[in-house]
Amino acid sequence: MGAFVVCLSLIVAFFLSFFFLPTALRYAGEILGYSLRRSCRTRRELLLARVATEQKSYEAQREKGKLGDSDDWEDIEGSTVGSSVNGGKAPKEWDGIVGFFHPFCNAGGGGERVLWAAIRATQRRWPEAVCVVYTGDHDADKAQILKRVKERFNIHLHPPTVHFLYLTTRHYVLSSTWPRFTLLGQSLGSLILAYDAFSLLVPDIFIDTMGYAFALALSSWFFPRVPTAAYVHYPTISTDMLESLNTGGQGINAGTGEGARGALKKKYWHLFARLYSAVGSTIDVVMTNSSWTQAHIKSLWGPYRNRRNKTTTHDIDVVFPPVAVEDVTKAVLLSPASEKDRGPYLLYIAQFRPEKNHQLILEAFASFLHSHPTFPAYPSQPPKLVLIGSVRDSDDATRVYNLRLLAHELKIKDSVDFVCDASWPQMLSWMRRASVGVNGMWNEHFGIGVVEYQAAGLISVVNDSGGPKLDIVTEVDGKPTGFHASTAQEYAEGFRKALGLKSDEMLKWRQRARRSADRFTERGFAGRWVRNMEILIELQIARAKK
Ligand SMILES: *[C@@H]1O[C@H](CO)[C@@H](O)[C@H](O)[C@H]1NC(C)=O
Ligand SMILES: *[C@@H]1O[C@H](CO)[C@@H](O)[C@H](O)[C@H]1NC(C)=O
Ligand SMILES: *[C@@H]1O[C@H](CO)[C@@H](O)[C@H](O)[C@H]1NC(C)=O
């Protein structure tokens with residue numbers, strides 16, 4: 001109870017400091033930070049000692065040959081990332097502690113893949129650095145977590161320099177703890193959790209990979225010299241959400257902004273958005289997982305960050321999360337010889353869901369076929385549209401049935417293949433044989449499927465919106481990798497252009513597409529991650545000298 005009161009008063013002081021920012025409060029933060037740092041000094045020394053012993057025994061084991069060849073630790077040098085951008089101010093020998101705030105690190109989702117890939121990239125570039133993960137997963141010890149990372153993501157971490165510190169207050173960030181005012185409640189909860197983290201260990205660089213921006217702000221209040229970074233998957237509150245409260249808006253909160261209650265809710269959300277923006281302006285380095293998220297974060301945090309001069313040194317960077325692109329590139333060859341296996345086939349891999357817009361794609365394909373196109377690369381083969389998707393329930397099955405009917409009506413039945421619940425090898429086999437990849441969804445945030453098309457060397461024809469437009473089907477060396485379309489006619493035109501390419505030209509498009517997919521590999525991720533880490537380390541070194 002006592003601790004809770006302390007935390008609460010801290011939180012109040014923390015918010016006051018945002019709005020009034022009197023020097024007194026700033027110093028109060030620093031004093032608190034100082035005492036936290038002092039009280040965990042012993043733990044820090046113990047941790048570093050443990051790292052040293054583990055490193056030694058790891059090397060001893062390695063010499064005895066107990067660790068198999070699967071260990072790629074020696075490849076660090078050869079890997080990806082190149083040298084420091086500005087003359088080695090982030091030296092390879094940097095040996096500080098990087099704290100990763102990720103209370104649910106054992107969850108095994110996409111967010112966790114980013115965390116582990118980030119740690120691996122950091123370990124490779126700065127072998128002396130120690131990565132510490134603050135987690136609330138008490139049921140898993142280090143060995144278990146690392147094993148799971150290996151099995152689930154095929155990411156091999158170097159055990160001696162990664163450690164876990166266990167938080168006891170994770171329930172404060174669960175939405176069930178805050179049935180009302182959930183956004184604010186969870187953010188306050190993350191402050192308590194961050195306090196918990198700092199009382200375990202104060203890191204030299206503090207990084208949040210789960211969207212707890214408030215925790216970062218608390219860090220910069222307590223420890224102004226510790227650089228902070230956020231990897232944002234999704235904004236906690238978005239401009240879309242705020243707009244959706246107004247009448248005529250869309251989504252679950254549509255129109256709830258009316259009446260007295262609604263007015264209050266609107267006030268609360270706007271207030272929260274301001275708070276979130278103020279918090280965002282304290283963060284030194286911001287990365288987002290896509291252009292979509294970047295645009296939202298920029299519109300919220302941008303003005304506040306400008307005021308604090310955060311954008312003058314480095315802007316908000318897009319660091320795409322790693323996708324298993326290599327699974328495709330290894331399985332699908334790309335050479336003049338492999339071109340012989342391909343035909344004038346259009347591939348659309350997507351679940352049979354309404355928003356995937358299969359209907360429009362069928363109409364586009366019909367219009368394309370009826371225009372009697374010619375294919376210099378495939379003189380004698382008839383074109384085909386192949387729809388691959390999973391059928392999860394009877395609704396999906398009905399949709400497939402209706403799509404078949406539509407194909408019949410459009411008189412293209414014999415040129416359309418439906419492949420339901422295809423296995424991965426089956427999909428790969430189609431990626432080898434097809435020529436074009438299609439995506440009909442509007443405003444898809446990302447589109448892993450389109451990345452897979454590119455990895456397979458398919459020329460993409462995608463809706464002129466969302467991630468496929470902004471992030472994926474973009475130019476390589478100033479030349480296109482696919483086509484953007486919004487109407488059935490434009491799609492048909494895209495198909496005509498793609499399949500109308502001459503053989504040698506077509507191969508060049510395919511090679512560009514594959515190069516484009518490289519940005520989404522683990523290698524691509526590591527390169528961009530390290531670039532941002534370099535900024536953090538340079539800041540850390542500069543501030544420590546002050
Ligand atoms: C970014 O994160 C959000 C939330 O997890 C996810 O919906 C989106 O697909 C991610 N974007 C990319 C490029 O992975
Ligand atoms: C931001 O930078 C400008 C010039 O680069 C400077 O005049 C101003 O004082 C800075 N503001 C803050 C808050 O540091
Ligand atoms: C593409 O997106 C637009 C909205 O920008 C939508 O109206 C259209 O139906 C979509 N086209 C196809 C073929 O999916």
**Student:** By side-chain contact (heavy atoms from CB on, under 4.5 Å), which residues pair with Lys147, not counting sequence neighbours?
**Tutor:** Glu151

**Student:** Would you say Asp317 and Val286 make side-chain contact, with heavy atoms under 4.5 Å?
**Tutor:** no

**Student:** Give the C-alpha distance, both sets of side-chain angles, the deciding distance and a yes or no for salt bridge (charged side-chain N to carboxylate O under 4.0 Å, His left out) between Asp464 and Lys469.
**Tutor:** CA-CA 6 Å; Asp464 193 15; Lys469 169 196 184 158; 3.4 Å; yes

**Student:** Is the closest side-chain heavy-atom distance between Trp509 and Pro480 below 4.5 Å?
**Tutor:**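 A side-chain contact under 4.5 Å exists here.
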
**Student:** Is there a side-chain contact between Thr521 and Pro322 (heavy atoms, below 4.5 Å)?
**Tutor:** no

**Student:** Looking at Glu534 and Arg531, is any side-chain nitrogen of the basic one under 4.0 Å from a carboxylate oxygen of the acidic one?
**Tutor:**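 Salt bridge absent between Arg531 and Glu534.
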
**Student:** With a 4.5 Å limit on heavy-atom distance, are the side chains of Glu522 and Arg113 in contact?
**Tutor:** yes

**Student:** Look at atom CD of Gln489 and say whether more than 12 heavy atoms of other residues, nucleotides or ligands are closer to it than 6.0 Å.
**Tutor:** no

**Student:** Is any NZ, NE, NH1 or NH2 atom of the basic residue among Asp395 and Arg353 found under 4.0 Å from an Asp or Glu carboxylate oxygen of the other?
**Tutor:** no

**Student:** How long is the straight-line distance from OG of Ser371 back to CZ of Arg496, given to the nearest 0.5 Å?
**Tutor:**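 These two atoms lie 4.0 Å from each other.
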
**Student:** Among Leu539, Ile207, Ile283, find the one that has a side chain to side chain contact (heavy atoms under 4.5 Å, CB included) with Thr228.
**Tutor:** Ile283

**Student:** Quick one: are Val319 and Thr288 in side-chain contact, heavy atoms under 4.5 Å?
**Tutor:** no

**Student:** Is there a donor-acceptor contact under 3.5 Å from the side chain of Thr293 to the main chain of His233?
**Tutor:** yes

**Student:** Backbone N or O of Lys479 within a donor-acceptor pair of the Asp477 side chain at under 3.5 Å?
**Tutor:** no

**Student:** Give a yes-or-no answer on whether the side chains of Asn439 and Glu444 include a donor-acceptor pair shorter than 3.5 Å.
**Tutor:**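 Yes, side-chain donor-acceptor contact under 3.5 Å.
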
**Student:** For the side chain of Gln454 and the backbone of Ile472, is there at least one donor-acceptor N/O pair under 3.5 Å apart?
**Tutor:**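 Yes, Gln454 side chain to Ile472 backbone: donor-acceptor pair under 3.5 Å.
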
**Student:** Nearest heavy-atom pair of Met427 and Ile349: which atoms, and what distance?
**Tutor:** SD-CG2, 3.9 Å

**Student:** Between the side chain of Arg512 and the main-chain N/O of Glu475, is any donor-acceptor distance below 3.5 Å?
**Tutor:** no

**Student:** I'd like to know if the side chain of Gln294 and the backbone of Ile316 have a donor-acceptor N/O pair within less than 3.5 Å.
**Tutor:**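 Yes.
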
**Student:** Which residue is it: Leu499, Leu387, Ile361, Val461? I am looking for the one with a side chain to side chain contact (heavy atoms under 4.5 Å, CB included) to Leu346.
**Tutor:**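 Of the listed options, the one satisfying the test is Leu499.
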
**Student:** CG of Leu403 to OG1 of Thr398: how many Å apart, nearest 0.5 Å?
**Tutor:** 10.5 Å

**Student:** Are Ile459 and Met506 packed together at the side-chain level, in the sense that at least one heavy-atom pair is separated by less than 4.5 angstrom?
**Tutor:**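 Yes, side chains in contact.
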
**Student:** So which pairs with a foot in residues 323-340 pass salt bridge (Lys or Arg N to Asp or Glu O under 4.0 Å), sequence neighbours left out?
**Tutor:** Glu339-Arg342, Glu339-Arg510

**Student:** Less than 6.0 angstrom separating the ring centers of Trp430 and Tyr348, yes or no?
**Tutor:** no

**Student:** Check whether any side-chain N or O of Arg433 sits under 3.5 Å from a backbone N or O of Asp341 as a donor-acceptor pair, and report yes or no.
**Tutor:**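 A pair under 3.5 Å: no.
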
**Student:** Could you tell me whether Asp518 and Arg515 make a salt bridge, using a distance below 4.0 angstrom between a side-chain N and a carboxylate O?
**Tutor:**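 No, Asp518 and Arg515 are not salt-bridged.
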
**Student:** State whether the side chain of Arg528 and the backbone N or O of Phe320 hold a donor-acceptor pair below 3.5 Å, judged by distance alone.
**Tutor:**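 Looks like no, no N/O pair under 3.5 Å.
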
**Student:** Hey, does Tyr491 have a side-chain heavy atom less than 4.5 Å from the side chain of Val438?
**Tutor:** yes

**Student:** Looking at NE2 of His358 and CG of Leu360, how far apart are the two atoms once the value is rounded to the nearest 0.5 Å?
**Tutor:** 11.5 Å

**Student:** Please report the closest heavy-atom contact between Leu458 and Ala434, naming both atoms and the distance.
**Tutor:**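 So the two residues come closest at CD2-O, 3.3 Å.
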
**Student:** Counting heavy atoms not belonging to His370, are there more than 12 under 6.0 Å from its NE2?
**Tutor:**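 Enclosed.
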
**Student:** Ignoring hydrogens and angles, tell me if any N or O in the side chain of Thr122 forms a donor-acceptor pair with the backbone of Ala118 under 3.5 Å.
**Tutor:**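 Side chain of Thr122 to backbone of Ala118: a pair is present.
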
**Student:** Using 0.5 Å steps for rounding, measure from the OG1 atom of Thr209 to the CG atom of Asn289.
**Tutor:**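 Thr209 atom OG1 to Asn289 atom CG measures 12.0 Å (nearest 0.5 Å).
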
**Student:** Using the rule given for ring pair (Phe, Tyr, Trp, His ring centres under 6.0 Å), can you reason through Phe520 versus Phe446, listing the C-alpha separation, both sets of side-chain angles and the distance that settles it, and then say yes or no?
**Tutor:** CA-CA 11 Å; Phe520 307 99; Phe446 187 51; 5.6 Å; yes

**Student:** Give a yes or no on whether Ile448 atom CD1 has more than 12 heavy-atom contacts from other residues, nucleotides or ligands under 6.0 Å away.
**Tutor:**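 Result for CD1/Ile448: open.
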
**Student:** Are Tyr231 and Phe101 an aromatic pair by the rule of ring centers under 6.0 Å?
**Tutor:** no

**Student:** Do you see a donor-acceptor pair shorter than 3.5 Å between the side chains of Arg308 and Thr282?
**Tutor:**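 There is no such pair (donor and acceptor under 3.5 Å, judged by atom type) between the side chains of Arg308 and Thr282.
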
**Student:** Do Trp269 and Tyr276 have their ring centres less than 6.0 Å from each other?
**Tutor:** no

**Student:** Kindly check if the number of other-residue, nucleotide or ligand heavy atoms within 6.0 Å of CD (Glu493) is above 12?
**Tutor:** yes

**Student:** Ser291 and Asp471: side-chain donor and acceptor closer than 3.5 Å?
**Tutor:**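 Side chains of Ser291 and Asp471: pair found under 3.5 Å.
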
**Student:** Heavy atoms only: give me the nearest Ala229-Leu536 pair and the separation to one decimal.
**Tutor:** CB-CD1, 3.6 Å

**Student:** Is there a donor in the side chain of His102 and an acceptor in the side chain of Glu112, or the other way round, less than 3.5 Å apart?
**Tutor:** yes

**Student:** I'd like to know if the side chain of Arg519 reaches the main chain of Ser516, judged simply by a donor and an acceptor atom lying under 3.5 Å from each other, with no hydrogens or angles considered.
**Tutor:**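 Yes.
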
**Student:** When rounded to the nearest 0.5 angstrom, what distance separates NE2 in His296 from OG in Ser238?
**Tutor:**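 Spacing of NE2 (His296) from OG (Ser238) equals 4.5 Å.
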
**Student:** Could you check whether Arg307 makes a cation-pi contact with Tyr304, meaning its NZ or CZ is under 6.0 Å from the centre of the six-membered ring and within 45° of the ring axis?
**Tutor:** yes

**Student:** If we ignore hydrogens and angles and just use 3.5 Å, is the side chain of Tyr212 paired with the main-chain N or O of Ser187 as donor and acceptor?
**Tutor:**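 Absent.
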
**Student:** I want to check something: taking the side chain as every heavy atom from C-beta on, are Ser415 and Leu385 in contact at a cut-off of under 4.5 Å?
**Tutor:**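 A side-chain contact is absent here, since even the closest heavy-atom pair is not under 4.5 Å.
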
**Student:** Would you call Lys384 and Asp417 a salt bridge, taking side-chain N to carboxylate O under 4.0 Å as the test?
**Tutor:**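 Between Asp417 and Lys384 there is a salt bridge, with a charged N closer than 4.0 Å to a carboxylate O.
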
**Student:** Is it true that Glu490 and Lys497 have a side-chain N and a carboxylate O under 4.0 angstrom from each other?
**Tutor:**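 Judged by the 4.0 Å cut-off on N to carboxylate O distance, Glu490 and Lys497 do not form a salt bridge.
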
